[in-house]
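This report refers to the structure that appears directly beneath it.
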Amino acid sequence: MKKKKETTSSIKGMDCKCSRVRVQEFELDESGPSSCLDGSASQSHSIKVQENPAAFVRAVQQYVDPDVQLVMCILPSNQKTYYDSIKKYLSSDCPVPSQCVLARTLNKQGMMMSIATKIAMQVTCKLGGELWAVEIPLKSLMVVGIDVCKDALSKDVMVVGCVASVNPGITRWFSRCILQRTMTDVADCLKVFMTGALNKWYKYNHDLPARIIVYRAGVGDGQLKTLVEYEVPQLLSSVAGSSSNTRYDFYLISQVACRGTVSPTYYNVIYDDNGLKPDHMQRLTFKLCHLYYNWPGIVSVPAPCQYAHKLTFLVAQSIHKEPSLELANHLFYL
């Protein structure tokens, strides 16, 4: 039976509403460049451009200004160069949340309501909205997800994605991706990330979190000792940790299988000075599997892990550079 594995560290330490949005919409046109405007200048623009990535980026450079809150791109095909060039420019050079949609997706008969709902949910997230929440009994809790993967172009570059909740309801997130040159799967930038996440929490809540629980994704059995010796100290250096420590592991199946079987996720608690009972930790982990906004159901791992995975995948496959910190408060990578 195939098992997925996560490690967790539990450290004792320290409604967004969108009323008016200006949207820039770009559509590729095989016949040549033309321009058309839909709606008032303060709400949305629709521009047609030639069918090539360079023309698309030029149009974005020409029409996107600091007042634009979202860029929607309607692509003629799933050719990777379109998506990569758009995401790279709008995630780093000109940091604006973007939404890419295939033209054929919008032409599916009888499915427009579900398609429009999915797009609206993603756009809401990228603008800072909160789609749903679950009741978390632990007060003033920050949860963190960390994932790593190798960059698709430079195999000696490791992409480290970190996502942390910044409100007690665990519905708003601080996301950051850092590139490091290394041949190992061990992150060496966690203190930098945790400092930024704690500063963001303090900005919103005027206090530091009472508890921090970190989920580290994609860890093999042979890496546990390295994580305890190298990554955990980085996290502890950002907070006031204690000397007590509890270690245990557990399996969790968070999803229901419509067909076939479900692979359990294996969790190994490698550091814990919170004093949470294993049952409480398991319940919390299960609840966090409900908070991934890119899927209207339960996912197999806690939401911060899934967010971190999406972030690292986007950077490693399409952007190949660190996204702008101006987008850190948005789930721009969904």
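All figures in this text were calculated on a predicted structure; none of them were measured in a lab.
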> Any donor-acceptor pair under 3.5 Å linking the side chain of Gln255 with the backbone of Ile298?
Replying inline: yes
> When you measure from the side chain of Gln234 to the backbone N and O of Ala187, does any donor-acceptor pair fall under 3.5 Å?
Replying inline: yes
> Taking all atoms of both residues into account, what is the closest heavy-atom pair of Ile212 and Asn274, and its distance?
Replying inline: O-ND2, 3.7 Å
> Donor-acceptor pair, Trp132 side chain versus Pro296 backbone, under 3.5 Å?
Replying inline: no
> Would the number of heavy atoms belonging to other residues, nucleotides or ligands and lying under 6.0 Å from NZ of Lys191 be above 12?
Replying inline: no
> Which pair of non-hydrogen atoms, one from Leu276 and one from Arg211, has the smallest distance, and what is that distance?
Replying inline: CD2-NE, 4.2 Å
> Aromatic rings Tyr292 and Tyr307: how do their planes relate, parallel, tilted or perpendicular, breaks at 30° and 60°?
Replying inline: tilted
> Less than 4.0 Å between a side-chain N and a carboxylate O, is that true for Lys321 and Asp93?
Replying inline: yes
> Quick check: does any side chain N or O of His330 sit under 3.5 Å from a backbone N or O of Lys126, one acting as donor and the other as acceptor?
Replying inline: yes
> Between OG1 of Thr124 and CG of Leu331, what distance do you get to the nearest 0.5 Å?
Replying inline: 11.5 Å
> Which value, rounded to the nearest 0.5 Å, describes the distance between Glu130 atom CD and Leu291 atom CG?
Replying inline: 10.5 Å
> Has Tyr202 got more than 12 heavy atoms of other residues, nucleotides or ligands less than 6.0 Å from its OH?
Replying inline: no
> Ignoring hydrogens and geometry, is there a side-chain-to-backbone donor-acceptor pair from Gln317 to Ala152 under 3.5 Å?
Replying inline: no
>> Whether the side chain of Asn294 engages the backbone of Leu334 through a donor-acceptor N/O pair (distance < 3.5 Å, no angle test) should be reported.
In response: no
>> Distance check, rounded to the nearest 0.5 Å: Asp185 atom CG versus Glu231 atom CD?
In response: 9.5 Å
> Does any N or O in the side chain of Gln306 come within less than 3.5 Å of the main-chain N or O of Val299, such that one atom is a donor and the other an acceptor?
Replying inline: no
> Is the backbone of Asp207 close enough, under 3.5 Å, to the side chain of Trp201 for a donor and an acceptor to pair up by distance?
Replying inline: yes
> Between Tyr333 and Ser175, do the side chains contain an N or O donor and an N or O acceptor separated by less than 3.5 Å?
Replying inline: yes
>> Please evaluate residues Val301 and Tyr215 with respect to the criterion side chain to side chain contact (heavy atoms under 4.5 Å, CB included), reporting the C-alpha separation (whole Å), side-chain torsions for both, the decisive distance (0.1 Å), and the verdict.
In response: CA-CA 9 Å; Val301 297; Tyr215 292 89; over 6 Å; no
> Can a salt bridge be assigned to the pair Lys80 and Asp84 using a cut-off of 4.0 Å between side-chain N and carboxylate O?
Replying inline: yes
> If you look at every heavy atom in Ser300 and Thr265, which pair is closest and at what distance?
Replying inline: O-OG1, 3.1 Å
